[in-house]
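Counting starts at 1 for both ligands and their atoms, in listed order.
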Amino acid sequence: TQSTRPQRMLAAVQKNATRGDPRSVVKAIDQFCRQKEWAMNVGDEKGCILDSVVSEVNPATVLELGTYCGYSTVRIASLLPPHAKLITLEFNPDNAVIARQVIAWAGLEDKIQLVEGASGDWIPKMKEEFGVKTFDLVFLDHWKDRYLPDTKLMEECGLLRKGSILLADNVICPGTPDYLEYVRNSPRYKSQYFKSHLEYTKVEDGLEKSVFLG
Ligand SMILES: Nc1ncnc2c1ncn2CCCCCNC(=O)c1cc(-c2ccc(F)cc2)cc(O)c1O
Ligand SMILES: [Mg+2]
C-alpha cells in the first residue's frame, strides 16, 4: 500500500541520520524536505531562531502544541538542560506514531513526553496529569485558529508565570491574525517579531516571541 509523507520522512531519518545524534536527525529531515518533499516542519531557517530563543530561555519546562513528525521537538529537546522536560501535544495519531520513532532515533525519549489529543482538551489537565506548575516556554505550531483560544486557556489555567515565553510559528503564513493582534496589543505581553521565511521556501513567514508579564 502507498506510504505517507511522514512515513517517507521517518525512512529518510533512519537511512541518513545517526542513532542518538539529534543534529543528524534534524539535518536528515531538512535534506528530505529540500530535496524530496516539502513538509510543514518549522525548518532550518526558523529553526535557528527557535534554537536561539530556547538557548536564551534555558527552560526547565516546555510545552509544544503540534508535534507533527517531531522535528521541532527534537530541535528543542536537544538544547534542554539535564532535568528539563518537554511535553508535546499531537492530535493526529498517525503523526504521533512517526514522531515517537523520530524522537527515539534522536535518543531523546527521556526528555520528551508526547501526549495524543487536542490542545483544548489537555491544557486544563496539565497540572493534575503531569504535575506541571507553569511552563517556562510554549512553542505554538498547531491549528492556527487555536493559538489565541489556547493562549487564553493557558492564562486561565495558571500555566503561565511572569516571564513565561510564548514562541509562535506561522504568524504570517498561514497566519494567525487574531493571535498577533492579541499579544501585540495586550498589556499582559511584550511581543517581538522575528522575520523569516516559510520553511524551505522564499515566502515570508516569521516567529512571534511574547513574554507574559503576569
Ligand atoms: N494537540 C493538538 N491540538 C490541536 N491541534 C493540533 C494538535 N496537534 C496537531 N494539531 C493539528 C495541527 C495541524 C498542523 C498545524 N500546522 C500547520 O497547519 C502548518 C501549515 C503550514 C503551511 C504553510 C503553507 C502552506 F501552503 C501549507 C501549509 C506551515 C506550517 O509551519 C504549519 O505549522
Ligand atoms: Mg509551523
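- When the shell of 6.0 Å around NZ of Lys125 is examined, it contains more than 12 heavy atoms from other residues, nucleotides or ligands.
- Donor-acceptor pairing under 3.5 Å is lacking for the side chains of Tyr147 and Asp178.
- Note on Glu199: not counted as a metal contact of the Mg ion (ligand 2), no N/O/S atom lying under 2.8 Å.
- Which parts of ligand 1 touch Ser119 is read off a 4.0 Å heavy-atom cut-off, strictly below it: atoms 1 (N), 2 (C), 3 (N), 4 (C).
- Using a 30° and 60° split on the angle between ring planes, Trp122 and Phe130 fall in the tilted class, from 30° to 60°.
- Counting only N and O atoms by type, the side chains of Asp30 and Tyr200 include a donor and acceptor under 3.5 Å apart.
- Using a non-hydrogen distance threshold of 4.0 Å, Lys144 registers as a contact of ligand 1.
- With a 4.0 Å heavy-atom cut-off, ligand 1 is reached by the side chain of Asp169 but not by its N, CA, C or O.
- Considering both main-chain and side-chain atoms, Asp141 comes within under 3.5 Å of ligand 1 through a nitrogen or oxygen pair.
- Ligand 1 has an N or O atom lying under 3.5 Å from an N or O atom of Glu199, backbone or side chain.
- Of the protein's non-hydrogen atoms, Trp143 CE3, 3.3 Å is the one closest to atom 4 (C) of ligand 1.
- Atoms of ligand 1 found under 4.0 Å from any heavy atom of Leu89 (numbered from 1 in listed order, with element): 1 (N), 8 (N).
- If you check each of Phe91, Trp122, Trp38 against atom 27 (C) of ligand 1, the one with the closest non-hydrogen atom is Trp38.
- With Gly117, Gly66, Cys173 as candidates, the residue nearest to atom 2 (C) of ligand 1 on a non-hydrogen basis is Gly117.
- The hydrophobic clustering, which links ILVMFWY residues whose side-chain heavy atoms are closer than 4.5 Å, places Leu160 and Leu153 together.
- Between Leu65 and ligand 1 there is no heavy-atom distance shorter than 4.0 Å.
- Protein heavy atom in closest approach to atom 14 (C) of ligand 1: Met40 CE, 3.5 Å.
- Looking at Glu208, Glu204, Glu199 one by one, the single match for salt bridge (charged side-chain N to carboxylate O under 4.0 Å, His left out) with Lys46 turns out to be Glu199.
- No continuous path of ILVMFWY side-chain contacts below 4.5 Å connects Val183 to Leu50, so the two sit in separate hydrophobic clusters.
- The distance from the OG atom of Ser119 to the CG atom of Leu63 is 9.0 Å, given to the nearest 0.5 Å.
- In Val203, neither the side chain nor the backbone holds a heavy atom less than 4.0 Å from any atom of ligand 1.
- With the Mg ion (ligand 2) as the vertex, OD1 of Asn170 and OD1 of Asp141 span 90° to the nearest 10°.
- Few gaps surround NZ on Lys127; more than 12 heavy atoms of other groups in view lie less than 6.0 Å from it.
- Counting just the N/O/S atoms of Asp169, the one with the shortest distance to the Mg ion (ligand 2) is named OD2.
- Other residues, nucleotides and ligands contribute at most 12 non-hydrogen atoms within 6.0 Å of the NZ atom of Lys27.
- No continuous path of hydrophobic side-chain contacts links Val54 to Leu89 [ILVMFWY only; heavy atoms under 4.5 Å].
- Close approach of ligand 1 to Asn170 is summarised as follows: ligand atoms under 4.0 Å from at least one heavy atom of the residue are 29 (C), 30 (C), 31 (O), 32 (C), 33 (O).
- Assignment of Arg146 to the shell around ligand 1 is not supported, since no heavy atom sits closer than 4.0 Å.
- The nearest protein heavy atom to atom 25 (C) of ligand 1 is not closer than 4.0 Å.
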